Amino acid sequence: MADVKIEESWKKVLHAEFSKPYFQNIILHLKTEKTQGKTIYPPGPFIFNAFNTTPLSKVKVVILGQDPYHGPGQAHGLCFSVQNGVPAPPSLVNIFKELRDDIGMEIPMHGNLTRWAEQGVFLLNASLTVRAGEPMSHAKIGWATFTDEVIKTISAECAHVVFLLWGKFAQEKSALIDGTKHLILKAAHPSPLSAHNGFLGCKHFSKTNEYLMQQGIPPVDWQL
C-alpha cells in the first residue's frame, strides 16, 4: 500500500477511518494476498483514483458501482470506467445507449470516464479492490464500511449533489443520504440482465443537469 495516496481534502475528512481496526484489516488483507502471489485490481496507484480525480469540494454527482472490473487492464479506480484501449463492458455500453437516447450523445469510441470525474462526477465503487478473475472477492474485507462513510461524508459536507443509484445494491445506500438537501435518482442496474427493467429510458443524465442548473451549478458535459 506504499504507492497508495489519497487527495488532501479526502484525507482530511476521512483521516479517522484510516486508523480504525477495520481499515488496518483491509491493508493487512491486501498485503497478505500480494505475498501469496494473487493479482489485485486496480493496481495500487489507482485504488483511490476516484478520490484523487474528484476532490470533495468538486463533487456534484455520485455514481455508485459495486465492484471493480476483475479482468486484466480494465479497472482503474472509477466505477463503470475502463482504461483506454479496453472495450466498453456491457453495463457501460448500456450507459452510453441511454446517454444517446436521453441527450443525443454520440456513443464514444472508448470507455474511459476520467473526463466525467474531472467535472465533479464521483465514480465510487462500494469495494475499491478485487482479486483477478473473482468478482466480489473483496466485498467482505471492510471496504463497504469505508465507502459507506464516504457516502455519509458527501451527504453531510456537500449540498445539491445528485446521487445516481442503479440497481438494488446501490439503492440501499439511499439510507445514508440526506434527501432533503440532495437529489436521489433510482433506476434498474445498466447490466444487460436488468437494463430493460427501467434503466433504459430513465433519463437520469438530463434530469441530473436540469437539477444542477436549477441550483446554479454548471451541468456535466457527458460527451467523452
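Please read these numbers as outputs of a predicted model, since none were measured by experiment.
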TODO: Using a cut-off of 6.0 Å, state whether more than 12 heavy atoms not belonging to His196 lie near its atom NE2.
DONE: no
Open item on the list: Would you say CD of Glu106 has more than 12 non-hydrogen atoms from neighbouring residues, nucleotides or ligands within 6.0 angstrom?
Closed with: no
TODO: Considering non-hydrogen atoms only, spot the tightest contact between Arg100 and Ile107 and give its length.
DONE: NH1-CD1, 3.7 Å
Open item on the list: According to a hydrophobic-cluster definition based on side-chain heavy atoms being under 4.5 Å apart (Ile, Leu, Val, Met, Phe, Trp, Tyr only), do Trp10 and Leu176 belong together?
Closed with: yes
Task: Contact summary for Phe199 and Ala187, nearest pair of heavy atoms - done: CA-CB, 4.2 Å
Task: Between CH2 on residue Trp222 and CD1 on residue Ile95, distance to nearest 0.5 Å - done: 9.5 Å
Task: Transitive ILVMFWY side-chain link Leu200 to Ile63, under 4.5 Å - done: yes
Open item on the list: Donor-acceptor pair, distance only, cut-off 3.5 Å: does the side chain of Ser206 make one with the backbone of Asp102?
Closed with: no
Task: Separation between CZ of Phe122 and CG of Leu164, rounded to the nearest 0.5 Å - done: 13.5 Å
TODO: Of all the heavy-atom pairs spanning Pro190 and Ala195, show the shortest one and how long it is.
DONE: O-CB, 3.6 Å
Task: Val59 reachable from Phe163 in the ILVMFWY side-chain graph, under 4.5 Å edges - done: yes
Task: Point-to-point distance, once rounded to the nearest 0.5 Å, from NZ of Lys58 to OG of Ser9 - done: 9.0 Å
Task: Hydrophobic cluster identity match, Tyr41 and Val86, side-chain contacts under 4.5 Å - done: no
Open item on the list: What I want to check is whether the side chains of His138 and Thr129 have a donor and an acceptor closer together than 3.5 Å.
Closed with: yes
TODO: Could you label the plane-to-plane angle of the Phe51 and Phe146 rings as parallel, tilted or perpendicular, counting under 30° as parallel and over 60° as perpendicular?
DONE: tilted
Task: Short N-O contact, Lys168 and Glu172, less than 4.0 angstrom - done: yes
Open item on the list: Do Cys79 and Leu64 have side chains that approach each other closer than 4.5 Å (heavy atoms only, starting at C-beta)?
Closed with: no
Task: Donor-acceptor contact present, side-chain Gln83 to main-chain Ala75, <3.5 Å - done: yes
Task: Interatomic spacing from NE2 in His76 to CG in Asn84 - rounded to 0.5 Å - done: 8.0 Å
- [ ] Answer with yes or no whether the side chains of Asp178 and Thr180 bring together a donor and an acceptor at under 3.5 Å.
- [x] yes
TODO: Mark yes when over 12 heavy atoms from residues, nucleotides or ligands other than Lys38 sit less than 6.0 Å from its NZ; otherwise mark no.
DONE: yes
Task: Interatomic spacing from NE2 in His204 to CG in Leu183 - rounded to 0.5 Å - done: 8.5 Å
- [ ] Check whether any side-chain N or O of Ser81 sits under 3.5 Å from a backbone N or O of Leu78 as a donor-acceptor pair, and report yes or no.
- [x] no
TODO: Would you mind checking if Lys207 and Glu210 are paired as a salt bridge, meaning a charged N to carboxylate O distance below 4.0 Å?
DONE: no
Task: Residues Asn209, Val220; criterion side-chain contact (heavy atoms from CB on, under 4.5 Å); working and verdict - done: CA-CA 6 Å; Asn209 280 347; Val220 178; 3.7 Å; yes
Open item on the list: Count I, L, V, M, F, W, Y as connected when their side-chain heavy atoms are under 4.5 Å apart, and connections chain through other members. Are Phe23 and Leu14 then in the same cluster?
Closed with: yes
Task: Gap separating the CZ atom of Phe80 from the CG atom of Leu92, nearest 0.5 angstrom - done: 8.5 Å
Task: Val150 vs Glu17, side-chain contact (heavy atoms from CB on, under 4.5 Å): CA-CA, chis, key distance, verdict - done: CA-CA 10 Å; Val150 171; Glu17 300 305 305; over 6 Å; no
